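One structure below.
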Amino acid sequence: MPATPAWPPRSAPRLFVEDELGEGREITIEGNQAHYLAKVMRVREGDTIVLCDNATGEWAARIGEVSKRHIAATISQQLRPKENVPDLWLCPALLKKDRYDTVLEKATELGIARIQPVITRRCVADKLNIDRATVLVTEAAEQCARTALPDLIQPVKLAEMLRDWPENRTLFFADEMGGKPAASAFSSAQGPAAILIGPEGGFDDAEREMLLDHPNVRPISLGPRILRAETAAMASVAIWMAAQGDWVN
């Protein structure tokens, strides 16, 4: 007897939308998303798509009218509630655009809860196009089937971030001068946490001293090799997810 096909199909397009979703609700998809569905994915009336609203979770929807400028869809049923991700923030120093794109994308895929870009003295960039970054993060979440988007915060200078740092959140920073091995530090950590990754040139002496003087900061080591900043960001989040995150389930 042939197996029953999965529904919705694994190939069903998946999008985040701004409308709050609910069974029986009708929504209109416009702009780039409508173009993507109609021209790239070539959806037709009656097709199924998967929608997320970053509030209630993931829903199946039936395509109705398809036109050049908009697509109508009716929400049919909830597939998954909004996910609960580990309470981990990533605080990566700004990098060159293509490298920072990688950090944003992979951090989203790995399940980070918040991304707080940081400006340090050796950053080669001091600005981030937050609208463009939001699009990149959203597309990454769509591709990896997340039902929640990470919070993406405007860049902040390191000193300002440390000044306003929450009292109950531990900040681990990848220290080129050495620290407790990341796997050991993360396994024994308790409560909310964050990981700080420096820029291509690392932290200068004054920044490192400022970090070590902060009561919530803990230096960690990511091994014997010097890692590029984007590699360090991905490696540290992966280690956390293996030690305390949703990889342990």
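Source: prediction; values computed, not measured. Residues: numbered from 1 along the sequence shown.
- At a threshold of 4.5 Å between non-hydrogen side-chain atoms, the residues Val217 and Phe173 count as touching.
- More than 12 heavy atoms of other residues, nucleotides or ligands shown are found within 6.0 angstrom of CG on Asn129.
- Looking at Arg122, its side chain does come within 3.5 Å of a backbone N or O of Phe203 through a donor-acceptor pair.
- Side-chain contact between Asn32 and Val135 is absent, with no heavy-atom pair separated by less than 4.5 Å.
- With rounding to the nearest 0.5 Å, the separation of NZ in Lys97 from CG in Leu104 is 12.5 Å.
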Between Arg44 and Asp47, does the side chain to side chain contact (heavy atoms under 4.5 Å, CB included) criterion hold? Intermediate values first, please.
CA-CA 6 Å; Arg44 297 291 182 264; Asp47 287 352; 3.9 Å; yes

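- Side-chain heavy atoms closer than 4.5 Å link hydrophobic residues (I, L, V, M, F, W, Y) into clusters, and following such links, even through other members, never connects Met177 to Ile226.
- No donor-acceptor pair closer than 3.5 Å links the side chain of Asp101 to the backbone N or O of Leu136.
- The line from CZ of Arg228 to OG1 of Thr102 is 9.0 Å long, rounded to the nearest 0.5 Å.
- Closest non-hydrogen pair, Thr147 versus Pro81, comes out as OG1-O, 3.5 Å.
- Salt bridge Glu176/Arg208: absent, no basic N to carboxylate O contact under 4.0 Å.
- The shortest non-hydrogen separation linking Pro192 to Asn168 is CD-O, 3.5 Å.
- Here the shortest heavy-atom pairing between Gly179 and Ser221 reads O-CB, 3.5 Å.
- When the side chains of ILVMFWY residues are joined at heavy-atom separations under 4.5 Å, either directly or via intervening members, Ile195 and Ile115 end up in a single hydrophobic cluster.
- Note that CG of Asp87 and CZ of Arg114 are 9.0 Å apart. Values are rounded to the nearest 0.5 Å.
- Side chains of Asp53 and Thr56: a donor on one and an acceptor on the other come within 3.5 Å.
- Between the side chain of Thr138 and the backbone N or O of Thr134 there is at least one donor-acceptor pair closer than 3.5 Å.
- Taking both residues in full, the closest heavy atoms of Ala73 and Ala61 are given as CB-CB, 4.2 Å, listed atom of the first, atom of the second, then distance.
- Considering only heavy atoms from C-beta on, Leu15 stays 4.5 Å or farther from Cys52 through its side chain.
- In terms of the ring pair (Phe, Tyr, Trp, His ring centres under 6.0 Å) criterion, residue partners of Trp240 (sequence neighbours excluded) are, by chain and number, Phe186.
- The hydrophobic clustering, which links ILVMFWY residues whose side-chain heavy atoms are closer than 4.5 Å, places Leu110 and Leu196 apart.
- With Glu45 contributing its side chain and Val66 its backbone, the two residues share no donor-acceptor pair below 3.5 Å.
- For the pair Val85/Ile112, no side-chain contact is recorded, criterion being any heavy-atom separation below 4.5 Å from C-beta on.
- Separation of atoms OG1 (Thr28) and CD (Gln33) is listed at 12.0 Å; rounding is to 0.5 Å.
- Ser187 places no side-chain N or O within 3.5 Å of a backbone atom of Ser184 that could act as its donor or acceptor partner.
- Although no hydrogens or angles enter the test, the distance criterion places a donor-acceptor pair under 3.5 Å between the side chain of Tyr100 and the main chain of Pro92.
- Under the 3.5 Å distance criterion, the side-chain polar atoms of Lys82 are matched with a main-chain donor or acceptor of Asn54.
- A distance-only check finds a donor-acceptor pair linking the side chain of Arg14 to the backbone of Ala141 [under 3.5 Å].
- Rounding to the nearest 0.5 Å places CZ of Arg218 at 12.0 Å from CG of Leu211.
- Using a 4.5 Å cut-off between side-chain heavy atoms of Ile, Leu, Val, Met, Phe, Trp and Tyr, with links allowed through other members, Val103 and Ile130 fall into the same hydrophobic cluster.
- Judged by distance alone, the side chain of Ser76 and the main-chain N or O of Arg62 form no donor-acceptor pair under 3.5 Å.
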Check the pair Ile29 / Ile27 against side chain to side chain contact (heavy atoms under 4.5 Å, CB included), numbers first and verdict last.
CA-CA 7 Å; Ile29 301 170; Ile27 69 166; 4.1 Å; yes

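- Few gaps surround CG on Asp98; more than 12 heavy atoms of other groups in view lie less than 6.0 Å from it.
- Here the CD1-CD1 distance, from Ile220 to Ile239, works out to 7.0 Å after rounding to the nearest 0.5 Å.
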Could you walk me through whether Cys123 and Glu200 satisfy the side chain to side chain contact (heavy atoms under 4.5 Å, CB included) test, starting with their C-alpha distance in whole Å, then the side-chain angles of each, then the deciding distance to 0.1 Å, before giving a yes or no?
CA-CA 7 Å; Cys123 281; Glu200 287 96 332; over 6 Å; no

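- Pairs passing the salt bridge (charged side-chain N to carboxylate O under 4.0 Å, His left out) check and including a residue from residues 24-37, sequence neighbours excluded, do not occur.
- Transitive grouping of hydrophobic side chains (ILVMFWY, heavy atoms separated by less than 4.5 Å) brings Ile71 and Leu21 into a common cluster.
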Tell me which donor-acceptor pairs under 3.5 Å the side chains of residues 148-165 have, and how far apart each pair is, sequence neighbours excluded?
from	atom 1	to	atom 2	distance (Å)
Trp165	NE1	Arg169	O	2.7

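- Salt bridge Arg146/Glu83: present, at least one basic N to carboxylate O contact under 4.0 Å.
- Under the 4.5 Å side-chain criterion, counting only non-hydrogen atoms from C-beta, Val124 is not in contact with Pro199.
- Side-chain atoms of Met241 and Asp246, non-hydrogen and from C-beta on, do get closer than 4.5 Å to each other.
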Just do the side chain to side chain contact (heavy atoms under 4.5 Å, CB included) check on Thr170 and Asn216 with the steps written out, would you?
CA-CA 5 Å; Thr170 301; Asn216 290 64; 5.7 Å; no

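- Contact check for Leu94 versus Val118: no side-chain heavy atoms found under the 4.5 Å cut-off.
- Closest approach of Pro13 to Tyr36, counting heavy atoms only: CB-CE2, 4.4 Å.
- A heavy-atom distance below 4.5 Å is not found between the side chains of Val137 and Glu105.
- Here the closest heavy-atom approach between residue Trp59 and residue Glu23 is recorded as CZ3-N, 3.4 Å.
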